[in-house]
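Okay, structure first, notes after.
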Amino acid sequence: MKILLVTVAHYGDQPGGSQKIALDEAIELRRRGEEVWILAQGTPSLPEYEEKDGIHLLRYVPERVVPWNPARRHSHQKAAAAVLARHLPQVDAIHGHIQLAYLAALDFYGDSVCSYYTIHSPIKMEMAIAWKNSSLLRRVTAPIGLAAIKRIEANCLRRSRVVTALSQYTIDCISRIHGKELAKSMRLIPGWVDTSRYTPVEDRGRIKAQLGWPTDIPVLFTLRRLVPRMGLDRLLDASARMLGEGLKFHLVIGGSGPLRSNLEEQAKALGMSNAVTFMGRVEEKDMPLAYAACDAFVLPTSDLECFGLIALEALSSGRPVLATPVGAIPEIVRKFEPAWLARSAETEAIADLFREYLTGKLPQHDPMLIHDRTDRDYGCKQKLDELIEVTISATK
């Protein structure tokens, strides 16, 4: 079959959780002999079409329109349709991982094409959080934009033969936003991790030295986009409290985003610049090393975590995940160790969790047992098989 996957960006252009899931799906479908295309938003500097490892990549570039403007959908629709008309006039199935380009593809091919959709995060909730921390104009116009976004997401749900979500938390959110009728037919298929790539290592000290990390004190590592809902400001405040109590550790923050300079200034103001390293974007080849080398992975999310692929990558590497009980995080972490969850997402609760970990009061588990449990419950092959079975069956 000729299958089109629609995602926010190509993983090679802009790495992210939903992009990785779409890429993994594409690779598996290609392995099974399907003809696979991926459509994503691009930039003028990148090619409109290219083929990589037998997968066809398409990029469209919409006109810039503010998110609350109704013309935004039409700009995506026009640009995406033009690219599809030039390169892919016919398909057998469409799997959407993002709203606007998915609807553009549905409109281009018509509703007779088999369509299925995966919700990675309720877009109304995501944008409400983003706009809350934005300019006054955007906050004032947010109600209009959020109402339009709700209609767009509902349209995606209604026009799809199969809808999947990565967590029960997401399904519950959709039920509250769009009603139980739309939510009740959704299928829960969690994300996955390549457990052959993320594995425990015996000599973590050697890997720490290779990464330039301290080898004589615990290293706490997080990998996040540097935006407000990730809770990194609270992470720094909690870390400063622990350092003030005389506890020894080093914090490593991987990832890029608009808050980097703010966070660096915060660390400086807290007097902990020497106790924290901002890695910036972590190269793909270094990600397994960083997870495996750290003493613990920390996940301080303050709002809206609809799955947590990074938690699975850390667990597959055999490391404990110290996390806030936000969104879908407890669905993963409680399976391994409930005590690794803070009692809330507040600074004091994060500090208390760190204190318990750094003083040896939290339960410890054998790294290989953590890895094996991750493989059993979230292994890539098992969950990919489940997703493809559900979606491909919709074409029959």
Side-chain angles (χ1 to χ4, degrees), residues 5-8 16-18 21-22 25 67 73 93-107 111 113-132 142-192 229 301-309 311-312 325-335 345 377-378 382-396:
L5 308 183
V6 185
T7 185
V8 62
S18 64
I21 283 176
E25 179 189 4
R73 177 184 172 183
I94 309 168
H95 186 180
H97 292 269
I98 191 68
Q99 296 82 14
L100 291 178
Y102 175 56
L103 289 177
L106 289 178
D107 290 342
D111 287 332
V113 171
C114 179
S115 57
Y116 37 98
Y117 180 59
T118 294
I119 298 179
H120 293 267
S121 176
I123 189 63
K124 181 183 176 183
M125 296 176 66
E126 191 169 324
M127 295 311 298
I129 293 167
W131 291 345
K132 181 177 66 176
I144 300 172
L146 293 176
I149 284 170
K150 180 180 176 180
R151 290 193 296 271
I152 288 170
E153 187 166 66
N155 200 6
C156 291
L157 298 172
R158 292 192 181 98
R159 295 178 67 180
S160 301
R161 295 191 193 180
V162 176
V163 179
T164 66
L166 305 180
S167 66
Q168 185 59 48
Y169 168 77
T170 302
I171 295 175
D172 293 342
C173 289
I174 293 298
S175 179
R176 289 193 297 272
I177 296 168
H178 299 289
K180 294 181 180 179
E181 194 63 29
L182 275 178
K184 71 179 183 180
S185 61
M186 292 174 62
R187 295 285 300 269
L188 172 57
I189 302 179
W192 52 79
R229 72 177 180 86
T301 310
S302 60
D303 209 344
L304 194 64
E305 190 77 62
C306 287
F307 183 59
L309 175 62
L312 293 187
V326 171
I329 296 173
E331 293 180 39
I332 296 174
V333 175
R334 281 193 183 122
K335 289 185 177 183
D377 291 350
Y378 298 103
Q382 172 195 345
K383 292 304 176 185
L384 265 173
D385 286 348
E386 190 176 344
L387 175 68
I388 291 173
E389 175 62 28
V390 167
T391 52
I392 292 298
S393 67
T395 66
K396 299 177 181 178

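Small disclaimer: the values here were computed from a predicted structure and weren't measured. Both backbone and side-chain heavy atoms feed into the values below; hydrogens, waters and symmetry mates do not.
When every heavy atom of V326 is checked against every heavy atom of A345, the shortest pair comes out as CG2-CB, 3.8 Å. The two residues A22 and L5 have their closest heavy-atom pair at O-CD1, 3.4 Å. The shortest non-hydrogen separation linking V8 to S18 is CG1-OG, 3.9 Å.
In this structure, CD1 in I94 is found 10.5 Å from CZ in R161, a value given to the nearest 0.5 Å. Taking CD1 of I174 as the reference point, atom CE of M125 lies at 8.5 Å (rounded to 0.5 Å). Put simply, CD1 on I129 and CG on D303 are 3.5 Å apart, with the number rounded to the nearest 0.5 Å. Here the OG1-CD1 distance, from T301 to I329, works out to 4.0 Å after rounding to the nearest 0.5 Å. With rounding to the nearest 0.5 Å, the separation of OG in S167 from CD1 in I189 is 12.5 Å. The CD1 atom of I171 sits 9.5 Å away from the CG atom of L166 when rounded to the nearest 0.5 Å.
Annotation: side chain of P122 is in contact with side chain of T170 (closest heavy-atom distance under 4.5 Å). Using a 4.5 Å cut-off on side-chain heavy atoms (C-beta onward), S115 and Y102 make contact. In this structure the side chain of R176 reaches within 4.5 angstrom of the side chain of D172, judged on heavy atoms. Contact annotation: the side chain of W192 never approaches that of L312 to less than 4.5 Å [non-hydrogen atoms, C-beta and beyond].
Shown here are the side chain to side chain donor-acceptor pair (under 3.5 Å) partners of K180, two or more places apart in sequence or in another chain: there are none. Partners of H97 by ring pair (Phe, Tyr, Trp, His ring centres under 6.0 Å), not counting sequence neighbours, listed by chain and number: H95, H120.
In this structure a side-chain-to-backbone donor-acceptor pair under 3.5 Å is present from R229 to L304. The backbone N or O of Q168 sits less than 3.5 Å from a side-chain atom of E331, completing a donor-acceptor pair. A donor-acceptor pair is defined here as one N or O able to donate and one able to accept, closer than 3.5 Å; no such pair exists between the side chain of T118 and the backbone of A165.
Of the residues Q99, E153, R159, the one that meets the side chain to side chain donor-acceptor pair (under 3.5 Å) test with Y117 is Q99.
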(request) Would you please test L103 and L106 for side-chain contact (heavy atoms from CB on, under 4.5 Å) and show each step? (result) CA-CA 5 Å; L103 289 177; L106 289 178; 4.1 Å; yes
(request) Go through I21 and T7 one step at a time and tell me if the side-chain contact (heavy atoms from CB on, under 4.5 Å) criterion holds. (result) CA-CA 10 Å; I21 283 176; T7 185; over 6 Å; no
(request) Go through I152 and I123 one step at a time and tell me if the side-chain contact (heavy atoms from CB on, under 4.5 Å) criterion holds. (result) CA-CA 9 Å; I152 288 170; I123 189 63; over 6 Å; no
(message) side-chain contact (heavy atoms from CB on, under 4.5 Å), that's the test. Do F307 and I332 meet it? Break it down for me.
(response) CA-CA 8 Å; F307 183 59; I332 296 174; 3.9 Å; yes
